[in-house]
Amino acid sequence: MSSSAAPSAACVWFRKGLRLHDNPALLEAINGSDTLYPVFCVDPTFYSPDVIGGNRIAFLLESLRDLDASLKSRNSRLIVLRGSPNDVLVSKMEEWNVSKLCFESDTEPYAEARDGRIKEAAEALGVRVFSPVSHTLYDPNVLIAKNGGKAPLTMQSFQKVVDKAGPPPAPAADPPSSLPPCGAVPSGEYLVPSLSDVGYGEEHMKESNKPVEGGETAALARLAKYMADEAWVASFDKPKGNPTTFTPYPATTLLSPYLKFGCLSPRLFYAKLREVYNRRANHTKPPVSLYGQLLWREFFYCASVGIPNFGKMEGNPNCKQIDWDTNDEFLQAWEAGRTGYPWIDAVMTQLRQEGWMHHLARHAVACFLTRGDLYLSWESGAKVFDKYLLDADWAINNANWQWLSASAFFSQYFRVYGPVSFPKKYDKDGAYVKKYLPVLANMPAKYVYEPWTAPADVQKKAGCVVGVDYPAPIVDHATIHKTNIQRMKAAYDRNKTMNPSSGAASGVKRKGVEPAR
DNA sequence: CGCATGTTGAAACA
DNA sequence: TGTTTCAACATGCG
């Protein structure tokens with residue numbers, strides 16, 4: 001910022017990483033710059049209510065408003081450009097005479113293609129580009145290199161790689177209390193848009209009722225609140241969580257939407273966890289601990305970077321090729337919560353209304369859509385989750401769908417979640433399903449997960465006649481799940497003969513071994 | 001090879 | 001509330 005040096009303008013481009021803390025791209029942008037342009041690009045054609053639910057857009061806009069406020073308190077502001085970054089960002093960099101462009105690295109295929117084009121255009125303008133890793137604890141490519149150039153495929157082998165890599169980098173320093181000014185940008189322009197500005201009218205928000213507010217400020221408050229309960233942090237055991245608890249969601253931290261948008265740095269989360277673990281001799285360990293949850297995120301990011309065509313079945317060498325059915329009626333019933341199984345329909349209703357549901361609830365509906373009941377492709381389910389989830393994250397979403405459909409990572413396809421038995425373990429009275437499906441409010445607990453078994457007079461008295469007020473089950477779980485296990489077995493056998501990657505090893509094994517008696 | 005293990009199954013039994 | 005059985009896959013270790 002010395003006045004004798006040539007004026008130097010930099011641009012920090014926010015995409016994910018919507019925060020000021022632990023933001024190495026921002027620090028690099030202000031280093032040696034006397035003008036700073038903090039930019040976010042909104043491409044209104046990209047935000048469509050058919051593709052991205054209103055809850056997530058609302059969360060994003062809240063995050064942008066919070067970022068703008070934090071920048072303003074440091075004598076700066078957020079400049080929101082409208083249009084494709086390729087057009088608007090490149091032309092602004094030229095207009096502002098920017099010499100340095102900084103943005104957080106993003107490994108999603110869409111982002112890599114976009115950023116590749118921007119880098120080319122920037123370099124053509126003589127703009128230097130810095131793109132540090134801060135969305136994950138580690139640089140996925142570094143971990144992959146440490147594992148011999150391949151992404152680890154089991155959590156255990158992944159943890160060994162992490163142990164070899166040592167602790168992740170500490171969070172970057174906080175930015176100074178005063179940032180370089182923005183130059184001649186009109187104060188009344190380039191403002192954070194409203195929902196209706198980006199095409200989300202009231203008619204798109206009717207069902208929307210998200211449980212958390214977007215933004216770094218809310219993220220840090222939430223982190224602090226959960227970290228303060230050290231006994232809870234130390235005893236966190238994910239698989240033992242209860243998927244039928246609702247607001248205020250005591251079973252998990254609900255920090256995932258903040259990690260998705262980068263309102264919260266995973267490295268800060270890690271550092272705070274370490275502090276608690278250091279004070280608590282007894283604490284749970286990965287993979288079930290809170291730290292374990294961060295490692296799952298890293299594990300899946302590595303897989304998404306190291307495995308080709310990670311968002312698809314075809315051409316994905318780690319994904320079993322399975323003969324999924326196509327059935328739009330089933331798919332639509334599942335998405336809309338009209339399968340006739342209250343547990344499934346309630347979870348899908350929570351997804352549409354709130355953009356969030358417990359991890360185990362996600363398991364149940366994912367299993368139901370794929371190998372458990374409907375036998376539809378995990379890709380079609382991932383698309384629906386990607387639309388509605390506040391924390392929809394390309395790498396993690398695709399990984400979990402492959403997991404639950406027993407297409408990759410997990411292969412015990414005979415372990416099927418029962419749409420009646422599973423929720424009963426947690427919520428005998430059906431409070432959760434009654435909250436999301438008010439039509440079942442007066443159904444006796446005995447029948448709440450399988451209302452079609454209630455006698456006609458009970459259904460009538462409850463105001464929930466199956467086939468009239470609430471759908472009849474679209475499949476018979478008791479029979480179809482057994483059929484599907486056999487279909488999975490056949491599909492696995494076909495994969496063995498089609499792609500004998502482990503068969504090669506068995507060929508080696510056979511060499512020199514005595515013939516069978 | 002044999003065997004244990006894998007973040008989160010269900011049903012039948014004690 | 002905890003243990004066994006059901007029917008049974010992939011991986012990694014000894």
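In what follows, chains are A, B, ... by sequence order, proteins preceding strands, each numbered from 1.
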In whole angstrom, give the distance that lies between atom CZ of A:F368 and atom C1' of B:dG9. 16 Å
The correct list of stems in which DNA chain B takes part (3 or more consecutive Watson-Crick or G-U pairs, distances under 3.5 Å) is B:1-6 with C:9-14, B:9-14 with C:1-6
For B:dC13 versus C:dA7, give the span between their P atoms, rounded off to a whole number of Å. 14 Å
Using heavy atoms and a sub-4.0 Å distance, could you list which residues of residues 143-161 of chain A are near DNA chain B? By number, please. A:M155, A:Q156
Would you say A:P211 and A:L390 make side-chain contact, with heavy atoms under 4.5 Å? yes
As a quick check of understanding, evaluate ring-ring contact (aromatic ring centres under 6.0 Å, His included) for A:F368 and A:W334, giving each step before the final call. CA-CA 9 Å; A:F368 187 89; A:W334 177 80; 8.5 Å; no
Charged N-O contact under 4.0 Å between A:K387 and A:E335: yes
Regarding A:G292, tell me which of base, sugar-phosphate or nothing describes its non-hydrogen contacts under 4.0 Å with the strands shown. nothing
Where the side chain of A:Q412 is concerned, which of B:dT8, B:dA10, C:dC9 is the nearest nucleotide? C:dC9
Nearest non-hydrogen partners of A:R371 and A:N484, listed with the distance: O-CB, 3.1 Å
Using the P atom as the reference point in each nucleotide, state the distance between C:dT5 and B:dA4 in Å, no decimals. 15 Å
Does A:K210 make a cation-pi contact with A:F59, if we ask for NZ or CZ under 6.0 Å from the ring centre and within 45° of the axis? no
Can you list every pair that meets ring-ring contact (aromatic ring centres under 6.0 Å, His included) and has a residue in residues 437-462 of chain A, with sequence neighbours left out? A:Y341-A:W452
Below 4.0 angstrom, which residues in residues 481-493 of chain A have at least one non-hydrogen atom near DNA chain C? A:Q486, A:K489, A:Y492
Distance in angstrom units between A:F422 CZ and B:dT8 C1', rounded: 7 Å
With sequence neighbours excluded, what pairs up with A:K272 under the side chain to side chain donor-acceptor pair (under 3.5 Å) test? none
Touch class at under 4.0 angstrom, heavy-atom based, for A:Y413 against every strand present: sugar-phosphate
Rounded to whole angstrom, note down the C1' distance from C:dA8 over to B:dG6. 14 Å
Could you list by number each residue of residues 296-322 of chain A showing a heavy-atom separation from DNA chain C of less than 4.0 Å, or answer none if no residue does? A:K320
Rounding to a whole Å, what distance do you find between A:Y449:OH and B:dA10:P? 12 Å
Among the nucleotides B:dG9, B:dT7, C:dA8, whichever has the atom closest to the side chain of A:F414 is C:dA8
Answer yes or no on whether A:R222 is positioned over the face of A:Y258, meaning its NZ or CZ is under 6.0 Å from the six-membered ring centre and within 45° of the axis. no
Any A:K424 side-chain N or O less than 4.0 Å from OP1/OP2 of B:dA10: no
Output the rounded distance in Å from NZ (A:K285) to P (B:dG6). 15 Å
What integer number of Å spans the P atoms of C:dT4 and B:dT7? 22 Å
Of the options C:dC9, B:dT7, B:dA11, whose atoms approach the side-chain atoms of A:S411 most closely? C:dC9
Does A:V416 reach a base, just sugar-phosphate, or nothing at all? Heavy atoms under 4.0 Å. sugar-phosphate
Ring of A:Y291, cation from A:R274 - is the NZ or CZ under 6.0 Å from the centre and inside 45° of the axis? yes
Can you tell whether the side chains of A:R114 and A:E108 come within less than 4.0 Å, N to carboxylate O? no
Are A:K285 and A:D237 ion-paired here, with the side-chain N under 4.0 Å from a carboxylate O? no
